[in-house]
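Note sheet for the following structure.
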Amino acid sequence: MADTPVAARRRYYLTTAIAYANSAPGLHTLYEVIGADAIARWHRMRGDETRFLTGTDEHSVNIAMKAAERGMTPRAFVDEQVALFQRAEDLLGISPDRFIRTTDPDHVRSAQEMVRRAHANGDIYQGHYEGYYCPNEGFKAPSDLVEDAAGVRCPNHPDVPLQWLTEENWFFRLSAYQERLLRHYEEHPDWVQPEYRRNEMLGFIRGGLEDFSISRAGATWGIPFPIRADGSSAQLPDGSWDPAAGTIYVWYDALINYITGVGFPDDPAMFATWWPADLHVIGKDIARFHTIFWPAMLWSAGLEAPRRVWIHGWLHLQGERMSKSRGNFLDPVAMVDALGSDGARYVTLREVAFDRDADVSWDTFLRRYNADLANDFGNLVNRTVAMVNRYLGGQRPDPSPAGPTGGAMGPDTDDDAATLERTPGSALLSTAWAFTVLDYATKMEGCLLHEAIASLFGFVGEANRYVDAEQPWVLAREAQAGAAEAATRLRGVLGDLVEACRLVGLAAAPFMPQSAPRVLAQLGIDYPYGADGNGGPPLEELLAWGAGPRGGRVAEASPLFPRLELDAETAAVAR
RNA sequence: GGCGGGGUAGCUCAGUGGUAGAGCAGGGGACUCAUAAGCCCUUGGUCGCCGGUUCGAAUCCGGCCCCCGCUACCA
């Protein structure tokens, strides 16, 4: 199959938030990356020219302090932390097209250029800031502090001494963008999702916007602020930066990664290709910065706002928000050890609703793994391949023709229940698939990953029921005794089951990229996509009933997802 | 406090006027291709509380209780 010219392909650029590089990541941090990776793979397999960006946020007073505690330079410290992230991402099969670090040289140039543009546009000004500063949380309002015998302290970090800072800092004129933001929300009603998050952000904007500070005079571990108080360039003759100009603070550093990652400002052609981003996947804690600050910052620089921001919730463990500092978190590396890379990805995205907070536990993860992957899908593949070997000598049978509504692009009616009831046994699976694949695609496009999986596995259940309804072992006995009709029907039933396995294996590939080729290999079918989901024909073509190759042989059956013993595994990993 | 969303089976949730549902977990059964998996049947709920509208309310209205989200500058 010839490659579709890039120009004719849709391009899709998506990002995750960059992670704060101060410790090994927990599942609650990687969860977002796993979800975004599934979306990225979905687009690659569909044939979209896809770019997926993840990375780490490495500047801050807090990082510098942590490094100092360890007797390390900040750079050495973050290098060490970032390696932990990359190791965890590798184990989970995350496939970024670039892993960006805010310490990358091009990102430094990018952030500085954004500051220059805001300055040139008259959107930043020098202001005075004075107040308590918590190294872990930033500036704190007096109402947010507690005072006791030991003095004034941050309620969330009582052991960390507060600093009193008096600084001349640069401020961004966010207040000037209120009207434009409201208009943007009105003209692009789907740009912030889920909808209830959009409404929250809208309410915030309507409440009035204040300017925010974008520089720190005292902090040294950060991107040099490129402009002096008098407006002149802070760059010195030797190319270094005047320390007196301070450093860029948080959002004019971290958020900028999204445009650095597609060539800003060094590669205008690349930037023109990829910007604006199609999707930012972020957590609810930073929603405001992405859906209010960020578009205003971009507009100030003469750039477009991203097309969509998806806001997911938090993971809860034992009733509390999962977090490293609380000590209640799951270790993704341990999950991969126990469930495999795909198993860990699957249970995470199946058990956690992508549009809200979710309670998880190691126990429910294990149950889900056994129920869905070992018992339902893994066993379906296993019993199908075993029967083809046993009854048909390993010759892979073809699927029956698609049923009444089983066209490639899904059903042409929405009266699904009635259609299914009227469908004769031979067309049941193809018809059920037509509805499934349509629903699956809709859920994927809507970022409802957990519902997309549920849709797919509803079809797996359909296939398992089909086995018991048709009883291929009975047909095989009859065929053995010379019944030609039984032999024909046996081939048809097993052909449909092979097809069901092929379709589910392919459709589930964004979630289980390592297992998909193994599924098809057992069916004796080549897997046409690369390790990151690129290459191969558009997924929709392969997801049509009957689109697989004809003839050929299946391989030996071998369990794809070994069943786990609940008690033993729970004892090993639960905390 | 303000605005918004919820309280339905042991767990996670669907269900917005017409005899209470799904998945998982629990119990039983028939089968045997299969990872003792799958399939069938089944236990289980005064649908947060009180009142109202209606022939009829989980579903509409009023009141109350409880939970959660947002309510500014964390990296």
Side-chain angles (χ1 to χ4, degrees), chain A residues 17-22 56-63 66 78 102 129 131 133-141 154 156-157 169 171-172 174 195-197 199-214 221-222 249-251 253-254 284-289 292-293 313-314 350-353 356-361 363-364 367-368 370-391 450-451 454 457-458 460-461 463-476 493-494 497 557-564 566:
Chain A
I18 47 176
Y20 190 38
N22 70 338
T56 42
D57 186 9
E58 306 181 16
H59 297 301
S60 82
V61 174
N62 192 24
I63 293 272
K66 279 216 164 195
V78 293
T102 55
Y129 193 94
Y133 183 90
C134 169
N136 283 347
E137 291 192 30
F139 284 101
K140 303 287 291 181
C154 170
N156 301 323
H157 305 88
N169 286 325
F171 282 76
F172 177 78
L174 184 65
E195 190 181 8
Y196 73 99
R197 295 293 177 199
N199 291 337
E200 288 175 0
M201 295 304 109
L202 258 178
F204 185 87
I205 298 169
R206 293 193 176 115
L209 297 177
E210 297 170 14
D211 301 342
F212 63 93
S213 58
I214 67 163
W221 178 239
Y249 181 60
V250 199
W251 304 115
D253 179 349
K284 64 182 185 181
D285 48 334
I286 49 178
R288 194 192 311 133
F289 309 116
I292 298 173
F293 288 27
W314 282 331
R350 177 65 184 86
E351 281 297 308
V352 181
R356 54 182 183 264
D357 292 357
D359 279 301
V360 301
S361 71
D363 189 59
T364 60
R367 285 180 195 281
R368 179 61 74 178
N370 275 342
D372 285 13
L373 297 185
N375 298 350
D376 286 351
F377 181 53
N379 186 51
L380 174 67
V381 175
N382 196 238
R383 67 200 303 208
T384 297
V385 172
M387 285 191 282
V388 171
N389 275 313
R390 187 155 161 178
Y391 301 145
H450 57 299
E451 293 188 13
F457 275 70
V460 171
N464 272 316
R465 284 186 285 278
Y466 184 67
V467 176
D468 286 83
E470 297 295 334
Q471 303 186 80
W473 49 94
V474 172
L475 295 173
V493 168
L494 292 183
L497 289 171
S558 143
L560 290 159
F561 305 101
R563 194 178 156 80
L564 300 171
L566 269 182

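By convention in this document, chain letters (A, B, ...) are assigned in the order of the sequence lines, proteins followed by strands, and residues within each chain are numbered from 1. No experiment lies behind these values; they were computed from the predicted model shown.
As judged by a 4.0 angstrom heavy-atom cut-off over every strand, Ile214(A) is placed among residues making no nucleic acid contact. Nucleic acid contact for Phe561(A): base, since at least one base atom lies under 4.0 Å from a heavy atom of the residue. Here Gly222(A) lies out of heavy-atom contact (under 4.0 Å) with every strand. Across all strands shown, Ile18(A) has no heavy atoms under 4.0 Å from either base or sugar-phosphate atoms. As judged by a 4.0 angstrom heavy-atom cut-off over every strand, Gly203(A) is placed among residues making no nucleic acid contact. Among the atoms of the strands shown, base atoms are found under 4.0 Å from some heavy atom of Pro562(A). Leu209(A) comes within contact range of at least one nucleobase, with a heavy-atom separation under 4.0 Å.
Residues that satisfy the side-chain contact (heavy atoms from CB on, under 4.5 Å) test with Ser361(A), not counting sequence neighbours, are Asp363(A), Thr364(A). Looking at residues two or more places apart in sequence or on another chain, you find a side-chain contact (heavy atoms from CB on, under 4.5 Å) between Asn375(A) and Arg563(A). Every residue meeting the side-chain contact (heavy atoms from CB on, under 4.5 Å) condition with Gln471(A), not counting sequence neighbours, appears here in chain and number order: Trp473(A), Val474(A). Among residues two or more places apart in sequence or in another chain, the salt bridge (charged side-chain N to carboxylate O under 4.0 Å, His left out) test is passed with Asp359(A) by none.
G15(B) and G6(B) have their C1' atoms separated by 15 Å, given to the nearest Å.
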In the 5'-to-3' direction, what one-character label does each nucleotide of nucleotides 5-16 of chain B receive under the scheme B = base within less than 4.0 Å of a protein heavy atom, S = sugar-phosphate only, - = no such atom?
-> --------S---
Nucleotide-resolved protein contact map, nucleotides 20-30 of chain B, B/S/- at heavy-atom distance under 4.0 Å = -----S-----
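Closest contact between the side chain of Ala374(A) and the listed nucleotides U35(B), C70(B), A34(B) involves U35(B).
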